[in-house]
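Naming: A, B, ... by sequence-line order, numbering from 1 per chain.
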Amino acid sequence: MNEQEKRSPGNFIRQIIDQDLLEGKNAGRVHTRFPPEPNGYLHIGHAKSICLNFGIARDYAGGLCNLRFDDTNPHKENVEYVEAIMDDVRWLGFDWGDRLFYASHYFERLHDFAVELIKAGMAYVCDLDAEEVRAYRGTLTEPGKESPYRSRTVEENLDLFGRMRAGEFEDGARVLRARIDMASPNMNMRDPTLYRIRHGVVHHQTGEAWCIYPMYDFTHPISDALEGITHSLCTLEFEDHRPLYDWVLDNISIDCHPQQIEFSRLNLQYTVMSKRKLTQLVDDGYVSDWDDPRMPTIAGLRRRGYTPESIVEFCDRIGITKADNSVEMGILEACIREDLDSTAPRAMAVLHPLKVVIKNFPEGELEELDAPNHPKDEAMGKRKLLFTREIYIDQADFREEAPRKYKRLVSGGEVRLRNAYVIRCDRVIKDAAGEIIELHCSYDPATLGANPEGRKVKGVVHWVSASHGVRAEVRLYDRLFRHPAPDQDKSVASFLEHLNPDCLHTLSHAMVEPSLADAVPGARFQFEREGYFCVDSKESSPDRLVFNRTVTLRDSWARIERQGG
RNA sequence: UGGGGCGUCGCCAAGCGGUAAGGCACAGGGUUUUGAUCCCUGCAUGCGCAGGUUCGAAUCCUGCCGCCCCAGCCA
């Protein structure tokens, strides 16, 4: 079947591209790129950028999007990240074809452009150390001072830069700087560093071939131009860098000049998005790894049970603008609920088992019942349920006395067992401590697929056969932080103080219906009346099933209860 | 306080001089063997504020106010 590809909604960047096309710019080409630094895992904020860049390539005729690793700072980068990033982009459903690039593969050409700048008197080798450079740079309100090395001759600069490359100088001894304007009101234009010396690091791509590494501001515009990028999309904090981006391309001999356009980065409530903080959560063990289901990483969301479609939909819904934003988790959750509601097969799982003995159902007897896998989509088929004398229901579905509006099982009351019979609670069994340990009930054999005669039974509860159910571990996740903007609160010493101590509840005695016994890692289900769950892709096995709760169902009862019933 | 940006409903976001889209959330109601889904209904006389231009302004002009980013040999 040839499905209609979905187009993303318009935004100001697409308007610019439309206009460019109208004016015949770039010979009608549209070419973007997604340029992550491989120094960590991708997060939902990157997904926004991926959807923007690859989405534009998808929606414009002849559009292309490159994947390029911005790997100019070997210190923090490694191949694990490179591979994880490629996995994540692919998983989201995007394809860079044969256009996989590394900024580091341009090192030789970058070097040649640097030499060109030196020869043109536009760059010089500076011997000031880091602290001196800072002091010379001036402040936001005062102009900087020119470096005493600023007027070195071209010959001297060429010689020194060559010796930097040859490894004659130690880390930090010298840098190559652009010669622009120390009095510029834009700090980025006050003779920015172009190259620094880094000995003793093995670059994941170039090994030990280089001991000088180009800076982002020098590398990025050239990499874009070399790849024929037409629109270089980045986040707002690079707005001040645009004059430098343009300066670099205006002062070297290169015939391509991409247009840099900035948009606001995603801020998602109740989590953090900075790579430094995510790295800290992993390194200090606050979460199990980058793919911990509580992490806002693509890998974490995937393991949590999010679908790529739901994340792409989320990115479409939040849009692209230049306004600072603080997006509610509710939007992300609505996206995954919408997707899973139509695609996830239903199943029953009892999270907090309470034994129910159906006294008028024969001991040892087994009744097979049919249950649809989806209430609306018959094509999803049906499965067998095993009804037995002893079953489990959830502790939350029984109360000795009913609060207002409560419509589940109460002493002496009736309730519908989902896909099965109506039962009545005849007796409540407690232990010495007064804890309810068992319910004695009776079922009405006339209520299978039919409403009982002469009375209305409002409640429906899910259940699992006690003898045939399968024990499983269920992990209930909640927001990682209890503060909507944990990294913005200046009143605490660290964002870690806002970590939510209840972000993970592990239930090791849950019981799931027998049909789930052979559920494969990653498989997603709706556990009826509970939420959407997936089989953990890392730790679940046939003899020890582990389910992750992706998201709860909307729960209007919880709201009623909260408001005092 | 220099420079660069941004302010439209609780959140996101259309709007581009012709009289405030949509989504999420929220509140009511209907259907329902998931308190789910689905379906109705409601939800900005007003677009940061104040002036001005215009027959007409969220859109243009002026002046304020507020928020974000920039002083890495990070990206």
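- Outside the 6.0 Å centre-distance limit, the rings of A:F314 and A:Y306 are not counted as a close aromatic pair.
- Rounded to the nearest Å, the gap between the C1' atom of B:rC26 and that of B:rA44 is 15 Å.
- B:rC73 and B:rC68 are spaced 25 Å apart, taking the P atom of each and rounding to whole Å.
- Residues A:Y532 and A:D70 each lie close to RNA chain B; by heavy-atom proximity, the contact nearer the 5' end of the strand is made by A:Y532.
- For A:Y421, the ring-ring contact (aromatic ring centres under 6.0 Å, His included) partners at least two apart in sequence or on another chain are A:F387, A:Y443.
- Using C1' as the reference atom, B:rU1 and B:rA71 are 14 Å apart when rounded to the nearest Å.
- Residue contacts shown for A:K458 are absent, as no nucleic acid heavy atom lies under 4.0 Å away.
- For A:F527, the ring-ring contact (aromatic ring centres under 6.0 Å, His included) criterion is met by A:F533, A:F547, not counting sequence neighbours.
- Residue A:S184 is classed as having no contact, given no heavy-atom separation below 4.0 Å to the nucleic acid.
- For RNA chain B, the contact window with chain A, defined by any atom under 4.0 Å from a protein heavy atom, covers B:rU1 to B:rA75 in 5' to 3' order.
- As judged by a 4.0 angstrom heavy-atom cut-off over every strand, A:R554 is placed among residues touching the sugar-phosphate backbone only.
- Within 4.0 Å of A:R137, counting heavy atoms only, lie sugar-phosphate atoms of the nucleic acid but no base atom.
- Across all strands shown, the partner of B:rA27 is B:rU41, judged by Watson-Crick or G-U wobble contacts whose two distances both fall under 3.5 Å.
- The ring-ring contact (aromatic ring centres under 6.0 Å, His included) test applied to A:Y216 returns A:H220, A:F238, not counting sequence neighbours.
- For the segment residues 318-336 of chain A, residues with any heavy atom less than 4.0 angstrom from an atom of RNA chain B are, sorted by number, A:I318, A:I320, A:T321, A:K322, A:A323, A:D324, A:N325, A:S326, A:V327, A:E328, A:G330, A:I331, A:A334.
- At the heavy-atom level, A:Y195 lies nowhere under 4.0 Å from the strands shown.
- In this structure, a donor-acceptor pair under 3.5 Å is present between the side chains of A:S232 and A:D224.
- Salt bridge A:R68/A:E227: present, at least one basic N to carboxylate O contact under 4.0 Å.
- In this structure, A:D171 reaches neither bases nor backbone, as no heavy-atom distance under 4.0 Å exists between it and the strands shown.
- Using a 4.0 Å heavy-atom distance criterion, A:M348 is classed as making no nucleic acid contact.
- Comparing B:rC12 with B:rC6, their C1' atoms sit 15 Å apart, to the nearest whole Å.
- Heavy-atom nearest nucleotides on RNA chain B were determined for A:E338 and for A:T193, and the one closer to the 5' end corresponds to A:E338.
- Nucleotide B:rA36: unpaired (no Watson-Crick or G-U wobble partner with both distances less than 3.5 Å).
- One P atom belongs to B:rG7, the other to B:rC60, and the distance between them is 12 Å to the nearest Å.
- With sequence neighbours excluded, the residues that form a side chain to side chain donor-acceptor pair (under 3.5 Å) with A:R14 are A:D59.
- Applying the Watson-Crick and G-U wobble criteria (two distances, each under 3.5 Å), B:rG2 pairs with B:rC70.
- In B:rG72 the O4'-C1'-N dihedral to the base is within 90° of 0, which defines a syn nucleotide.
- Residues passing the ring-ring contact (aromatic ring centres under 6.0 Å, His included) test with A:H462, sequence neighbours excluded: none.
- Rounded to whole Å, the C1' atom of B:rC11 lies 14 Å from the corresponding atom of B:rC43.
- Among pairs with a residue in residues 161-181 of chain A, those fulfilling ring pair (Phe, Tyr, Trp, His ring centres under 6.0 Å) read A:H111-A:F161, A:F161-A:Y195, at least two apart in sequence or across chains.
- In this structure A:E309 satisfies the salt bridge (charged side-chain N to carboxylate O under 4.0 Å, His left out) test with no other residue, sequence neighbours excluded.
- At a non-hydrogen distance threshold of 4.0 Å, nothing from residues 262-278 of chain A comes into contact with RNA chain B.
- At a cut-off of 3.5 Å, with distance as the only test, no side-chain donor of A:N186 or A:S184 sits close to an acceptor on the other residue.
- Within 4.0 Å of A:D240, counting heavy atoms only, lies at least one base atom of the nucleic acid.
- A distance of about 12 Å separates the P atoms of B:rA20 and B:rA57, rounded to the whole Å.
- In this structure, A:P36 reaches neither bases nor backbone, as no heavy-atom distance under 4.0 Å exists between it and the strands shown.
- Within 4.0 Å (heavy atoms only), A:A558 reaches no atom of the nucleic acid at all.
- Using a 4.0 Å heavy-atom distance criterion, A:R177 is classed as making no nucleic acid contact.
- Counting only residues at least two apart or on different chains, the salt bridge (charged side-chain N to carboxylate O under 4.0 Å, His left out) pairs with a member in residues 171-189 of chain A are A:D127-A:R174.
- A:R479 meets the salt bridge (charged side-chain N to carboxylate O under 4.0 Å, His left out) test with no other residue; sequence neighbours excluded.
- Searching all strands for a Watson-Crick or G-U wobble partner of B:rU54 with both distances below 3.5 Å returns nothing.
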